[in-house]
Amino acid sequence: MISNQILQNTIEGLKGITRIDFCVMDTDGKALASTLSEQANYEEEVVSFVESPADSQVVQGCQFFKIFDEHQLEYILMAGGESDDVYMVGKIAAFQIQNLLVAYKERFDKDNFIKNLLLDNLLLLDIYNRAKKLHIDTEVRRVIFIIETKHEKDSNTLDSVRGMLGNRTRDFVTAVDEKNIIVVKELEDGDGYPELEKTAQNLYSMLKEEEGEDVLIAYGTIVGDIKEVSKSYKEAKLALDVGKIFCGEKKVIAFSALGIGRLIYQLPIPLCKMFIREIFEGKSPDDFDEETLTTINKFFENNLNVSETSRQLYIHRNTLVYRLDKLQKSTGLDLRVFEDAITFKIALMVVKYMKYMESLEY
């Protein structure tokens, strides 16, 4: 079903060209869109016209037309004016609205297909059969972008994203829940992950500027067949979740850049608790004071470089060595030793993951 606003814009555009007034009504005679200065009541005339076998009819000096959607009567169009071309112009207007119906129905069918494709609700044979029927290429390179908004999205946000992508007919913009907008993007032959990152960054910048809200964007890996689109979607979803835990203030997250965080995210909580108990002997990194945590994080940021870390912390090298020695005595781990540093880094990430999962339970 075409929105009333689209119908209104269509007939106003036609009036601007032809100077003829139009009114689009449902089969009960209720006006859905109109260019008439005063609201007219044609309910009786419309009901009588609907029951007649005629496709067009003159009623009270106005031309009435029936508009069908696959043999199902959908709208009644009234055209009125002093021009001698009212019938011909009305016929053209009815044909244009008929074409709009076809276009919107095809768009709805494609949107429904893409949603089911993303959610793995289709059999393999159905995927190829429906794609062929809807004229969707099956063997092209695609990737999934997920845009998470902080507020419930509306159709305007979806249209904004479509506009940002240039309304490319080979790209699909849809949604399967309240806050996430999904972009199924078809790639050019030379496009790789640097181009995906650039696209995601541009989307983020434009949405922040136009919509005035902060968003989070994640994307999966590139797939070469339509049956693999759901795989890229699952990867993008995982990137979104993992990114919230381990990627700090990053607003664009790639599945391919998740690293060890992706593995930790899939660990069962009981195993994580056991690991933390073994490493910290009943303690938790939360027990460390702010100074110690800052020192640890800065040491990791500088790839275990003592000189650079002490410089950035504005402390003497010996002071940093003292702090690291103190940490070694309390945990048994020396961060200057690569193997111990890896163990400690993983332990910190596991604690962060556990805290995130606990926050979801409340």
Pairs satisfying side-chain hydrogen bond (donor to acceptor under 3.5 Å, both in side chains), at least one member in residues 216-228, at least two apart: Tyr128-Asp225, Glu197-Tyr219, Thr221-Lys231, Thr221-Glu235
Does Asn303 reach the main-chain N or O of Asn305 with its side chain, forming a donor-acceptor pair under 3.5 Å? no
Are Leu258 and Ile346 joined in one hydrophobic group, where the rule is that I, L, V, M, F, W and Y side chains link up if heavy atoms are under 4.5 Å apart? yes
Under a 3.5 Å cutoff, is there a donor and acceptor pairing between the side chains of Ser232 and Arg142? no
Check the side chains of Arg323 and Thr295 for a donor-acceptor pair under 3.5 angstrom, ignoring hydrogens and angles. yes
Does the side chain of Ile264 come within less than 4.5 Å of Arg262's, by heavy atoms? no
Do Tyr42 and Tyr87 land in one hydrophobic cluster if side-chain heavy atoms of ILVMFWY residues count as linked below 4.5 Å? no
For Asn302 and Lys298, indicate whether the former's side chain and the latter's backbone hold a donor-acceptor pair under 3.5 Å. yes
Count the heavy atoms of every other residue, nucleotide or ligand shown that sit under 6.0 Å from CZ of Phe68, and state whether that count exceeds 12. yes
Run the numbers on Asp289 and Thr292 for side chain to side chain donor-acceptor pair (under 3.5 Å), then give the verdict. CA-CA 5 Å; Asp289 57 64; Thr292 302; 2.9 Å; yes
Distance-only polar pair, side chains of Gln5 and Asn9, donor-acceptor under 3.5 Å: yes
Cationic N near anionic O, under 4.0 Å, Lys273 to Glu278: no
Is there a continuous path of hydrophobic side-chain contacts, each under 4.5 Å between heavy atoms, that joins Val58 to Phe22? no
Within one Ile-Leu-Val-Met-Phe-Trp-Tyr cluster: Leu123 and Ile136, side-chain cutoff 4.5 Å: no
Can you find a pair of side-chain heavy atoms, one from Cys272 and one from Leu267, that are under 4.5 Å apart? yes
Please report the closest heavy-atom contact between Ala175 and Lys115, naming both atoms and the distance. O-CE, 2.9 Å
Does any non-hydrogen side-chain atom of Lys208 lie less than 4.5 Å from one of Val215? no
Counting only heavy atoms not in Phe95 (residues, nucleotides, ligands), do more than 12 fall under 6.0 Å from its CZ? no
Please lay out, stage by stage, how Val46 and Asp26 fare under the test side-chain contact (heavy atoms from CB on, under 4.5 Å). CA-CA 9 Å; Val46 167; Asp26 62 19; 6.0 Å; no
Is there a donor-acceptor pair under 3.5 Å between the side chain of Asn116 and the backbone N or O of Asn112? yes
The test is salt bridge (Lys or Arg N to Asp or Glu O under 4.0 Å); show your working for Glu148 and Lys244 and say whether it passes. CA-CA 11 Å; Glu148 182 181 88; Lys244 291 174 186 176; 2.9 Å; yes
Is any side-chain heavy atom of Ile20 closer than 4.5 Å to a side-chain heavy atom of Leu14? no
Is there a side-chain contact (heavy atoms from CB on, under 4.5 Å) between Ile67 and Ile76? Walk through the geometry before answering. CA-CA 6 Å; Ile67 299 174; Ile76 301 298; over 6 Å; no
Exam field: side chain Thr10 to backbone Ile6, donor-acceptor pair closer than 3.5 Å: yes
Basic-acidic side-chain contact under 4.0 Å: Glu358, Lys355: no
Please check if atom NZ in Lys251 has more than 12 non-hydrogen atoms from other residues, nucleotides or ligands closer than 6.0 Å. yes
Pairs satisfying side-chain hydrogen bond (donor to acceptor under 3.5 Å, both in side chains), at least one member in residues 327-340, at least two apart: Asp325-Arg336, Asp334-Arg336
Please report the C-alpha distance between Tyr204 and Leu216 in whole Å, then the side-chain angles of each, then the deciding distance to 0.1 Å, and finally whether the side-chain contact (heavy atoms from CB on, under 4.5 Å) criterion is met. CA-CA 8 Å; Tyr204 172 76; Leu216 198 60; over 6 Å; no
Would you confirm whether Arg141, through its side chain, and Gly192, through its main-chain N or O, come within 3.5 Å as a donor-acceptor pair? no
Val184 vs Phe145, test: side-chain contact (heavy atoms from CB on, under 4.5 Å). Steps then yes/no. CA-CA 7 Å; Val184 184; Phe145 291 90; over 6 Å; no
Taking the six-membered ring for Trp, are the ring centroids of Phe280 and Phe344 within less than 6.0 Å of each other? yes
Answer yes or no: is there an ion pair linking Asp120 with Lys234, defined by an N-O contact shorter than 4.0 Å? yes
Any ion pair linking Glu12 and Lys15 (charged N to carboxylate O, less than 4.0 Å)? no
Minimal heavy-atom distance between Ala347 and Ile276, with the atoms involved, is O-CD1, 3.6 Å
Aromatic ring centroids of Tyr356 and Tyr265 under 6.0 Å? no
What pairs of residues pass the side-chain hydrogen bond (donor to acceptor under 3.5 Å, both in side chains) test when at least one of them lies in residues 46-69, not counting sequence neighbours? Glu45-Gln60
